[in-house]
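What follows is a short report on a single structure.
Since the model is a prediction, treat every value here as computed from it, not as a measurement. Letters A, B, ... mirror the listed sequences (proteins, then strands); counts begin at 1.
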There are 2 protein chains.
Amino acid sequence: MAFEEEKKFFESYIREKNLKWSEQRMQILEIFLRNKKHLTADELYRMVKEKFPSVGYSTIYRTLKLLCDCGICSELRLDDGTIRFEHLYRHKHHDHLICLKCGRMVEVVDPEIEKLQERLAKKEGFILERHILLMYGLCPKCQSK
Amino acid sequence: MAFEEEKKFFESYIREKNLKWSEQRMQILEIFLRNKKHLTADELYRMVKEKFPSVGYSTIYRTLKLLCDCGICSELRLDDGTIRFEHLYRHKHHDHLICLKCGRMVEVVDPEIEKLQERLAKKEGFILERHILLMYGLCPKCQSK
DNA sequence: TCCATATTGATATTGAATTTCATTTTCATG
DNA sequence: CATGAAAATGAAATTCAATATCAATATGGA
Ligand SMILES: [Mn+2]
Ligand SMILES: [Mn+2]
Ligand SMILES: [Zn+2]
Ligand SMILES: [Zn+2]
């Protein structure tokens, strides 16, 4: 099976916290990793359910929480309130371009923007910890329709 | 009473849409405007309730929706999912610095950041429509504690 | 193997937001 | 002014994602 590294990482986190390994947790992790980023909890639930029909909704949420806690995944709250989960393990910080028509999400980083944010914060006396930048518009494909 | 201009503006919007003027709507608008920005629906509800004890929760939500539709107020969805409403009438676009400790929100704009966002979007072929930038950190006061 | 403890999944519960609906209010018309 | 059609209101019911509860099950150290 794939994603041995992430699975080992998750397992050590689990051991460290005196939690227990479980088939469900590993299945959820694998399916989360196998699929492209930015799934909702419900989308993930349906995918896991296909291979593992007995899985409960709560287990999805509980496992996602663990995955967020250990840094494998991270929650992204969009403009409309929906929460999507994205890969964080060995992924650097990035912002998002989101198509208003088809929902496509492009991951981007602009070091200059990041730097200017720091400058802006400093001007107001803030010490920045993190930020969220969501840019909404039309992707190339959706512009021609 | 204050905010005559905004009230007139709201009233014309209401007439235009063949809706009806009501005491509640005007009270809600006035209290929304009177208070500093970034209230939650519930905070606004409580404030309106003080002067107008019979008001219902739904009327708050319904009026906030109208105020958003006509451009007097706008919804700001924060990182933790809470929705706050802010003044939009004669207020320009701005982003937010938010203190993680005390919740203080500072409104900021950096034209360079805005420009770089456009550049970044163009690089990916996107046509930008809007964006949300939330910067979280510690405000000056909260740094010394 | 034993067994304390964590995990699971069905179900119930939460809380913000919305919908429903009987009653009240608005306002164009006469 | 009245009148009445249509909109607005507030209480209550409903929605929906997320969380909590809890009896049954699985895990893993001794
Ligand atoms: Mn992403
Ligand atoms: Mn603001
Ligand atoms: Zn698109
Ligand atoms: Zn502060």
Exercise for the section: Using a strict cut-off of less than 4.0 Å between a Lys/Arg side-chain nitrogen and an Asp/Glu carboxylate oxygen, indicate whether B:Arg46 and B:Glu50 qualify as a salt bridge. Expected result: no
Handout entry: For DNA chain D, the residues among residues 43-61 of chain B that have a non-hydrogen atom under 4.0 Å from it
Key = B:Ser54, B:Val55, B:Gly56, B:Ser58, B:Thr59
Practice task
For A:Glu129, enumerate each residue passing the side-chain hydrogen bond (donor to acceptor under 3.5 Å, both in side chains) test, keeping only those at least two apart in sequence or located in another chain.
Solution key: none
Problem - By side chain to side chain contact (heavy atoms under 4.5 Å, CB included) - contacts of A:Arg119 (at least two apart) - result: A:Leu116, B:Asp110, B:Glu112
Handout entry: Integer-rounded Å distance: D:dA17 P and A:Arg77 CZ
Key = 14 Å
Using distance only, find each side-chain donor-acceptor pair of residues 64-80 of chain A under 3.5 Å and give its atom names and separation, not counting sequence neighbours.
| unit_1 | atom_1 | unit_2 | atom_2 | d |
| --- | --- | --- | --- | --- |
| A:Arg77 | NE | B:Asp79 | O | 2.8 |
| A:Asp79 | OD2 | B:Arg130 | NH1 | 2.4 |
| A:Asp79 | OD2 | B:Arg130 | NH2 | 3.1 |
| A:Asp80 | OD1 | A:Thr82 | N | 3.1 |
| A:Asp80 | OD1 | A:Thr82 | OG1 | 2.8 |

Fill in the blank from the handout: Rounded to whole Å, the NZ-P distance (A:Lys65 to D:dA17) equals 19 Å
Completion exercise
In whole angstroms, the gap separating C1' of D:dC16 from CD1 of B:Ile83 amounts to 14 Å
Practice task
Answer with base, sugar-phosphate or nothing: what part of the nucleic acid does B:Arg62 contact at a heavy-atom distance below 4.0 Å?
Solution key: base
Handout entry: Quiz item: A:Lys20 side-chain donor-acceptor pair to C:dT5 base, under 3.5 Å
Key = yes
Handout entry: Helical bend (five base pairs per end, nearest 10°) for the helix from C:dT1-D:dA30 to C:dG30-D:dC1
Key = 20°
Practice task
For D:dG10, take OP1 and OP2 only and decide whether either is under 4.0 Å from a side-chain N or O of B:Gln24.
Solution key: yes
Exercise for the section: Give, for atom CD1 of A:Ile98 and atom CG of B:Leu128, the distance between the pair rounded to the nearest 0.5 Å. Expected result: 10.5 Å
Problem - Residue pairs passing the ring-ring contact (aromatic ring centres under 6.0 Å, His included) test where at least one lies in residues 122-145 of chain B, sequence neighbours excluded - result: B:His93-B:His131
Problem - Rounded interatomic separation in angstrom, taking CG from A:Leu29 and P from C:dT7 - result: 15 Å
Problem - DNA chain C contacts among residues 11-19 of chain A, heavy-atom distance under 4.0 Å - result: A:Asn18, A:Leu19
Problem - Separation of C:dT26 P from B:Met26 CE (nearest whole Å) - result: 12 Å
Problem - Earlier contact from the 5' end, DNA chain C, for B:Glu23 and B:Thr82 - result: B:Thr82
Practice task
Only counting residues at least two apart or in another chain, list the ones meeting ring pair (Phe, Tyr, Trp, His ring centres under 6.0 Å) with A:His87.
Solution key: A:Phe32, A:His91
Practice task
Give the rounded distance in Å between these two atoms: CD1 of A:Ile28 and P of C:dT7.
Solution key: 12 Å
Handout entry: Carboxylate-amine/guanidinium contact B:Glu4 B:Lys8, below 4.0 Å
Key = no
Exercise for the section: To the nearest Å, give me how far apart CG (B:Leu66) and P (C:dA17) are. Expected result: 17 Å
Exercise for the section: List for me each residue that meets ring pair (Phe, Tyr, Trp, His ring centres under 6.0 Å) alongside A:Phe9, sequence neighbours excluded, and say none if there are none. Expected result: A:Tyr89
Practice task
For A:Leu64 and C:dT8, give me the distance from atom CG to atom P, rounded to whole Å.
Solution key: 12 Å
Problem - ring pair (Phe, Tyr, Trp, His ring centres under 6.0 Å) partners of A:Tyr45, counting only residues at least two apart - result: A:Tyr57
Handout entry: Contacts of type side-chain hydrogen bond (donor to acceptor under 3.5 Å, both in side chains), residue B:Arg84, not counting sequence neighbours
Key = B:Glu43
Practice task
Could you pull out all residues at least two apart from A:Lys115 that satisfy side chain to side chain contact (heavy atoms under 4.5 Å, CB included)?
Solution key: none
